[in-house]
Amino acid sequence: MVCHSAVIPIVIFPSREPEMAALKPWFPPLLLLFLLMNFCSPATRPSDEEICRIDNTKLQQRLEALQVLLLLGDLQLKDLLNNNYHRVKSRVFSFNFSKSRLEEPRLPPTSGNLIVYDQDCSAVFDSGQTRSGYFRIRPRPEQEAFLVYCDMSDGGGWTVIQRRSNGKVNFNRKWADYKLGFGLYKEKNDEYWLGNDPILHLLSNDEMVLKVDLMDWQGEKRYAIYETFHIKDEQDNYRLWVSTYSGNAGDALSGGSNTETQWSASLKGMQFSTWDKDNDRFLTGSCAKENMSGWWFNRCHVANLNGVYYKNGNYTGPYDNGVVWSTWRGLWYSLKYTVMKIRRPSFVNMGSGDDMNN
Ligand SMILES: [Ca+2]
């Protein structure tokens with residue numbers, strides 16, 4: 001039995017998309033590994049089979065090392081592009097958004113007898129609806145309208161994409177649930193995850209500001225604002241990018257102020273993971289399983305708002321898997337109330353949220 005590694009040509013695929021260009025270094029080793037696995041004919045001598053297994057193991061290790069290198073390179077590239085000293089914005093992301101804006105006409109405002117939905121809560125606010133509540137919106141003409149909570153306090157026009165408030169909704173969900181969204185959409189403080197696809201559709205129309213509102217069990221409130229918030233499509237596992245923090249809760253999405261922590265906990269450039277789809281950088285385990293949530297895990301995090309809802313704040317256990325924003329209350333304190341909400345940049349003001357009345 002022979003492993004035909006010496007005669008397999010390495011094919012370089014042409015890349016048409018920026019995303020494909022980023023993935024290109026994966027393809028030769030992936031293809032090589034795949035072909036190797038198929039070329040190894042059934043064992044006639046144990047020693048040859050053993051040799052083949054060792055070769056496969058080595059290739060697997062090399063593949064994993066390359067994946068880590070690629071992720072690190074990607075992080076460095078994003079940091080360079082968004083470095084304040086250079087004042088250069090991420091072309092990787094802005095390219096697609098500019099393109100989508102050109103291709104998709106904006107919906108007319110809600111009026112008349114036709115059922116025409118607003119694109120987002122900013123548009124709902126513009127149309128004169130200035131009281132917070134649930135509205136049906138349709139960010140993209142080809143998609144179905146969906147229900148969302150519009151926070152019209154705090155300057156108005158905020159589309160709420162995530163809320164934790166009472167622990168009634170299970171956030172330990174599979175990929176398909178996080179993709180489409182889940183939770184309750186009735187009461188003011190009902191918990192939900194809007195869904196990665198709906199969030200993606202919202203972000204395709206315009207760049208968005210992300211604001212995170214937080215409250216601890218003593219009623220103290222903090223917030224974090226990110227000037228831009230992007231996620232990529234499902235093919236890239238909804239890879240996250242945020243830039244330019246301001247606020248008083250700390251920049252936990254960037255991994256905090258410690259450089260060593262940032263390397264392992266910054267969520268910038270991370271893909272989304274769930275217990276049934278592990279895309280994190282923790283090569284020997286699953287952050288989603290440990291943290292019992294879907295999130296943009298690195299290895300693993302210092303901020304996870306989809307974690308386990310521990311009542312009364314402080315908690316203990318084998319994993320720091322609470323509803324965590326560690327730059328404010330640490331990894332072992334689970335917050336009482338969290339909201340992630342997005343809005344067009346033209347609405348930006350820097351006040352803190354006043355919609356947390358539970
Ligand atoms: Ca993993």
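All residue numbers refer to positions in the sequence shown, counting from 1.
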Asks: Show your reasoning for whether side chain to side chain donor-acceptor pair (under 3.5 Å) applies to Asn298 and Arg281.
Replies: CA-CA 5 Å; Asn298 186 333; Arg281 291 181 59 225; 2.8 Å; yes
Asks: Honestly curious: do Ile161 and Val169 fall in one hydrophobic cluster under the side-chain, below-4.5 Å linking rule?
Replies: yes
Asks: Supply the atom-to-atom distance Trp193 CH2 to Trp295 CH2, rounded to the nearest 0.5 angstrom.
Replies: 5.5 Å
Asks: Using side-chain heavy atoms (C-beta onward) and a distance below 4.5 Å, is Asp177 in contact with Thr274?
Replies: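 SC-SC contact between Asp177 and Thr274 ruled out.
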Asks: So, do Asp213 and Asp154 sit near enough that their side-chain heavy atoms are less than 4.5 Å apart?
Replies: yes
Asks: Less than 4.5 Å apart, side chain to side chain, heavy atoms only: is that true for Glu191 and Phe171?
Replies: yes
Asks: Please find the pair of heavy atoms, one from Tyr185 and one from Leu194, that lie closest to each other, and give the distance.
Replies: OH-CA, 3.7 Å
Asks: May I ask you to decide if Arg138's main-chain N or O and His201's side chain share a donor-acceptor pair within less than 3.5 Å?
Replies: no
Asks: With the side chain counted from C-beta on, respond yes when Gln143 and Tyr117 share a heavy-atom pair under 4.5 Å apart, and no when they do not.
Replies: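 Side-chain contact under 4.5 Å: no.
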Asks: Please answer whether the main-chain N or O of Val160 pairs with a side-chain N or O of Tyr192 as donor and acceptor at a distance below 3.5 Å.
Replies: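 Yes, Tyr192 side chain to Val160 backbone: donor-acceptor pair under 3.5 Å.
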Asks: In Å and rounded to the nearest 0.5 Å, what is the CG to CD1 distance from Leu210 to Ile231?
Replies: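 Leu210 atom CG to Ile231 atom CD1 measures 11.0 Å (nearest 0.5 Å).
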Asks: For residues Tyr319 and Glu290, report the shortest heavy-atom separation together with the two atoms involved.
Replies: CE2-CD, 3.2 Å
Asks: Can you see whether Asn189 engages Tyr337 through a side-chain donor-acceptor pair at a distance of less than 3.5 angstrom?
Replies: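 Result is yes, a qualifying pair exists.
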Asks: Just verifying a value: how many Å separate Asn321 CG and Ser334 OG, rounded to the nearest 0.5 Å?
Replies: 8.5 Å
Asks: Centres of the Tyr178 and Phe272 rings: under 6.0 Å?
Replies: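 Here the rings of Phe272 and Tyr178 have centres that are less than 6.0 Å from each other.
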Asks: So Asp197 and Tyr238, side chain to side chain donor-acceptor pair (under 3.5 Å) or not? Walk me through it.
Replies: CA-CA 9 Å; Asp197 277 352; Tyr238 306 108; 2.7 Å; yes
Asks: Would you say the side-chain atoms of Tyr333 pair up with the backbone N or O of Trp325, donor to acceptor, closer than 3.5 Å?
Replies: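 Such a contact is absent between Tyr333 side chain and Trp325 backbone.
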Asks: Going by heavy atoms in the side chains, are Val148 and Leu202 under 4.5 Å from each other?
Replies: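 They are not in contact (no side-chain heavy atoms under 4.5 Å apart), so the answer is no.
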Asks: For the backbone of Gly156 and the side chain of Arg343, can you confirm whether one donor and one acceptor N or O come within less than 3.5 Å of each other?
Replies: yes
Asks: Leu305 and Tyr310: same hydrophobic cluster, using ILVMFWY side-chain contacts below 4.5 Å?
Replies: no
Asks: According to a 4.5 Å side-chain heavy-atom criterion applied to Ile, Leu, Val, Met, Phe, Trp and Tyr, with indirect links allowed, do Leu240 and Leu203 form part of one hydrophobic cluster?
Replies: yes
Asks: What I'd like to find out is whether the side chain of Lys277 reaches to under 4.5 Å of the side chain of Lys179, using heavy atoms alone.
Replies: no
Asks: Between Trp241 and Arg239, is the side chain to side chain contact (heavy atoms under 4.5 Å, CB included) condition met? List the steps.
Replies: CA-CA 7 Å; Trp241 186 250; Arg239 192 185 296 275; over 6 Å; no
Asks: Is there a donor-acceptor pair under 3.5 Å between the side chain of Arg344 and the backbone N or O of Asp120?
Replies: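 Checked: no pair found.
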Asks: With a 4.5 Å limit on heavy-atom distance, are the side chains of Met215 and Leu335 in contact?
Replies: no
Asks: Could you report the tightest heavy-atom contact between Gly294 and Phe297, atom names first, then the distance?
Replies: C-CE1, 4.4 Å
Asks: Rounded to the nearest 0.5 Å, what's the gap from CG on Asn170 to CE on Met292? Could you check?
Replies: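 Going from CG on Asn170 over to CE on Met292, the span is 7.5 Å.
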Asks: If I compare all heavy atoms of Pro198 with all of Leu180, which pair ends up nearest, and what's the gap?
Replies: CG-O, 4.0 Å
Asks: Look up atom CH2 in Trp158 and atom OG in Ser132, then write down how far apart they are to the nearest 0.5 Å.
Replies: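 Reported value, rounded in 0.5 Å steps: 12.5 Å.
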Asks: Which heavy atom of Glu187 sits nearest a heavy atom of Tyr134, and at what distance?
Replies: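 Looking at all heavy atoms of both residues, the closest pair is O-OH, 2.6 Å.
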Asks: Are Val302 and Val242 joined in one hydrophobic group, where the rule is that I, L, V, M, F, W and Y side chains link up if heavy atoms are under 4.5 Å apart?
Replies: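 No, Val302 and Val242 fall in different hydrophobic clusters.
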Asks: Within the supplied structure, the quantity of interest is the number of heavy atoms (other residues, nucleotides, ligands) at a distance under 6.0 Å from Glu144 CD; does it exceed 12?
Replies: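 Not more than 12 within 6.0 Å, no.
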Asks: Under 4.5 Å between any side-chain heavy atoms of Ser246 and Ile225, yes or no?
Replies: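 Yes; the side chains approach each other to less than 4.5 Å.
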Asks: Under 3.5 Å, is there a donor-acceptor pair between the Asn306 and Gln162 side chains?
Replies: yes
Asks: Are the side chain of Asp233 and the backbone of Gln235 linked by a donor-acceptor contact shorter than 3.5 Å?
Replies: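 Confirmed, Asp233 side chain pairs with Gln235 backbone.
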Asks: For the pair Asp278 (side chain) and Asp280 (backbone), establish whether a donor and an acceptor sit closer than 3.5 Å, ignoring hydrogens and angles.
Replies: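 Judged by distance alone, yes, a pair lies under 3.5 Å.
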Asks: Cation-pi check, Arg329 to Trp217: give yes when NZ or CZ is under 6.0 Å from the six-membered ring centre and within 45° of the ring axis, no otherwise.
Replies: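 Ring-cation test returns no.
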Asks: What do the steps show when you test Leu147 against Arg136 for side chain to side chain contact (heavy atoms under 4.5 Å, CB included), and what is the final call?
Replies: CA-CA 4 Å; Leu147 202 61; Arg136 295 193 85 79; 3.8 Å; yes
Asks: Of the non-hydrogen atoms in Asp320 and Leu331, which two are nearest, and what is the gap between them?
Replies: OD2-CD1, 3.3 Å
Asks: Please check: side-chain N/O of Tyr245 versus main-chain N/O of Gly250, any donor-acceptor pairing under 3.5 Å?
Replies: yes
Asks: Between Asp276 and Trp175, is there a donor-acceptor pair closer than 3.5 Å when you use the side chain of the first and the backbone of the second?
Replies: yes
Asks: Given the rule in the side chain to side chain contact (heavy atoms under 4.5 Å, CB included) test, do Thr130 and Phe125 qualify, once you have shown the distances and angles that lead to the verdict?
Replies: CA-CA 5 Å; Thr130 55; Phe125 188 88; 3.7 Å; yes
Asks: As a quick check of understanding, evaluate side chain to side chain contact (heavy atoms under 4.5 Å, CB included) for Ile137 and Phe146, giving each step before the final call.
Replies: CA-CA 6 Å; Ile137 59 170; Phe146 55 83; 3.8 Å; yes
Asks: Is Tyr149 linked to Leu184 within one hydrophobic cluster, defined over Ile, Leu, Val, Met, Phe, Trp and Tyr using a side-chain heavy-atom separation of less than 4.5 Å?
Replies: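 Tyr149 clusters together with Leu184.
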Asks: Could you give the distance from CZ (Arg163) to CE (Met340), rounded to the nearest 0.5 Å?
Replies: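 One finds 13.0 Å between CZ of Arg163 and CE of Met340.
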Asks: Report yes or no: does Thr338 contribute a side-chain atom to a donor-acceptor pair with the main-chain N or O of Leu214 at less than 3.5 Å?
Replies: no
